[in-house]
Protein chains: 2
Amino acid sequence: MTRDTPSTRDALIEAGLSLLIEGGPEGLTLRRAAARAGVSHAAPAHHFNGLPGLQTAIATRAFALFTETMIRHRDAAEPTPFARLLAICDGYLDFAAQRAGLFHVMFNCPDLDHTDAALQSESAKAYGVLREGCLPFSGGPDLVTEGLVWSSVHGYAMLDFKQDGRQMGEVPPPFRSLLARLVDPTLSADR
Amino acid sequence: MTRDTPSTRDALIEAGLSLLIEGGPEGLTLRRAAARAGVSHAAPAHHFNGLPGLQTAIATRAFALFTETMIRHRDAAEPTPFARLLAICDGYLDFAAQRAGLFHVMFNCPDLDHTDAALQSESAKAYGVLREGCLPFSGGPDLVTEGLVWSSVHGYAMLDFKQDGRQMGEVPPPFRSLLARLVDPTLSADR
DNA sequence: CGGTCAGCTTTACACTGTCAAGCTGCAACT
DNA sequence: AGTTGCAGCTTGACAGTGTAAAGCTGACCG
């Protein structure tokens, strides 16, 4: 494997992350990332496959941060299955709101390279946190429960924040009340 | 009210729609839409507030097509509450898959003008179809049921198609099985 | 008739992603 | 030791983007 000089490649990714955090979805630009990393505007081409390649690398890092956020929320929650799963979802929604630029690149960017192994690995880890949080409710892997929670929280994030609830006539109910209809909120803590 | 000459304004919107349908999310460009409408590249500025304004107008039309699709599916379904709601959701998912470019502008475009009255009206109509489909299950308006179905189908659309199921280890379950856990599939047809 | 102005064009500018050419310094090989 | 190869990077150029400014034109109105 041909290992890149870590500094420049990582500097570009870090620059892109900060641009997205500061400037939202539109903040990221190849040339801006290059400038912020202190290299010429054509340097990124030697580390990534154009802008889509840089976006893919940034999304990969962003998924890792995303996973961290969900885990941090989960581990701060009370040790009941419902509280833990709700905390994971709250982390999900928090990230979507606080890191809208990253969230956009991760999920709404039209030309990510979804065949990228690192991206697949990091996004699978993120999904794994949610999947694990669902386990107690089905007594084992259950694609319907997982898919339902995953879809719901993702859809809720998009509809809630990006359009601040205007689709629904009134303010949307808290996600807690949605989740309480998906899984048993009174499940005991002994797994 | 100052009514624009219908032809040019509508031609620009129609051109934008076709560009999005043919070229996906990236297909739309102010200059391309202008060229396809047979006007100069600066003409759109006299009808819309820049590119965001054109995108907003296009999204408004797209929401109308979206509503039509859901209604068409619903009206072709058997007259049970579950079959009708499932058909609405299938229309939703169909549109997301077949009209990915439009769907992207409607939901993932970072700079739509969400204060636009026409856009709000059309998107509210679309939501109304789903909301109405939910009514039989709660015996009246219920934000939790609506929010759950809306979030689920929207999240399912994003996760299913744009990333063709790679987040979930295996192929995702059909939406029907998800919906069957949200509402009562055996509800009788007499409202 | 004269003026106003919406609709449109032309021109220009800053910015984008990408490509081609060239430089440079390090590593490997003979 | 000398040469080659090449990864990393720069410079320069190009087509394409959104947008702003200036000017044209023809219809409407007082």
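Below, chains carry the letters A, B, ... as their sequence lines are ordered, and counting in each starts from 1. In what follows, every heavy atom counts, from backbone to side chain, and hydrogens, waters and symmetry copies are set aside.
- Put simply, CZ on B/Phe48 is 15 Å from C1' on D/dG18, counting in whole angstrom units.
- The separation between A/Glu26 atom CD and D/dT17 atom P is 17 Å, rounded to whole Å.
- Between A/Thr8 and D/dC9 there is a side-chain N or O to OP1 or OP2 distance below 4.0 Å.
- A side-chain donor-acceptor contact under 3.5 Å links B/Ser18 to the backbone of B/Ala15.
- The base of D/dG16 has none of its N or O atoms less than 3.5 Å from a complementary donor or acceptor on the side chain of B/His41.
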Produce a footprint string for nucleotides 20-28 of chain C: one letter per nucleotide, 5' end first; B if the base is under 4.0 Å from any protein heavy atom, S if only the sugar-phosphate is, - if neither.
---------
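- Dashed line: the shortest gap from a side-chain N or O of B/His47 to OP1 or OP2 of C/dA6 is not under 4.0 Å.
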Show me the side-chain donor-acceptor pairs of residues 19-27 of chain A shorter than 3.5 Å, one per line, residues at least two apart or across chains.
| from | atom 1 | to | atom 2 | distance (Å) |
| --- | --- | --- | --- | --- |
| A/Glu22 | OE1 | A/Arg36 | NH1 | 3.2 |
| A/Glu22 | OE1 | A/Arg36 | NH2 | 3.2 |
| A/Glu22 | OE2 | A/Arg36 | NH1 | 3.1 |

If you apply the rule salt bridge (Lys or Arg N to Asp or Glu O under 4.0 Å), what do you find for A/Asp94 with A/Arg72, and how did you get there?
CA-CA 12 Å; A/Asp94 234 53; A/Arg72 188 165 1 100; over 6 Å; no
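- The closest side-chain heavy-atom distance from B/Pro136 to B/Leu187 is below 4.5 Å.
- DNA chain D lies under 4.0 Å from at least one heavy atom of each of the following residues of residues 27-40 of chain A: A/Arg31, A/Val39, A/Ser40.
- Residues meeting the ring-ring contact (aromatic ring centres under 6.0 Å, His included) test with A/Phe66, sequence neighbours left out: A/Tyr92, A/Phe95.
- Remark: DNA chain D forms stems of 3 or more consecutive Watson-Crick or G-U wobble pairs, all pair distances under 3.5 Å, at C:1-30 with D:1-30.
- Side-chain contact between A/Val153 and A/Ile88: absent, with no pair of heavy atoms (C-beta onward) separated by less than 4.5 Å.
- Contact check for A/Thr69 versus A/Arg99: no side-chain heavy atoms found under the 4.5 Å cut-off.
- Proximity of A/Ser152 to A/Leu179: side-chain heavy atoms (C-beta onward) are nowhere separated by under 4.5 Å.
- Contacts between residues 51-60 of chain B and DNA chain D, defined by a heavy-atom separation below 4.0 Å, involve B/Leu51, B/Pro52, listed by number.
- Contact of the B/Ser121 side chain with the B/Phe63 side chain is not registered, since no non-hydrogen atoms from C-beta on lie closer than 4.5 Å.
- Judged purely by atom type and a 3.5 angstrom limit, A/Ser123 uses its side chain to pair as donor or acceptor with the backbone of A/Gln120.
- Here the side chains of B/Arg181 and A/Leu182 are not in contact, with every heavy-atom distance at 4.5 Å or above.
- Residues B/His46 and B/Thr8 form no side-chain contact, since every pair of their non-hydrogen atoms from C-beta on lies 4.5 Å or further apart.
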Given the rule in the salt bridge (Lys or Arg N to Asp or Glu O under 4.0 Å) test, do B/Arg61 and B/Glu122 qualify, once you have shown the distances and angles that lead to the verdict?
CA-CA 8 Å; B/Arg61 283 271 295 144; B/Glu122 284 304 324; over 6 Å; no
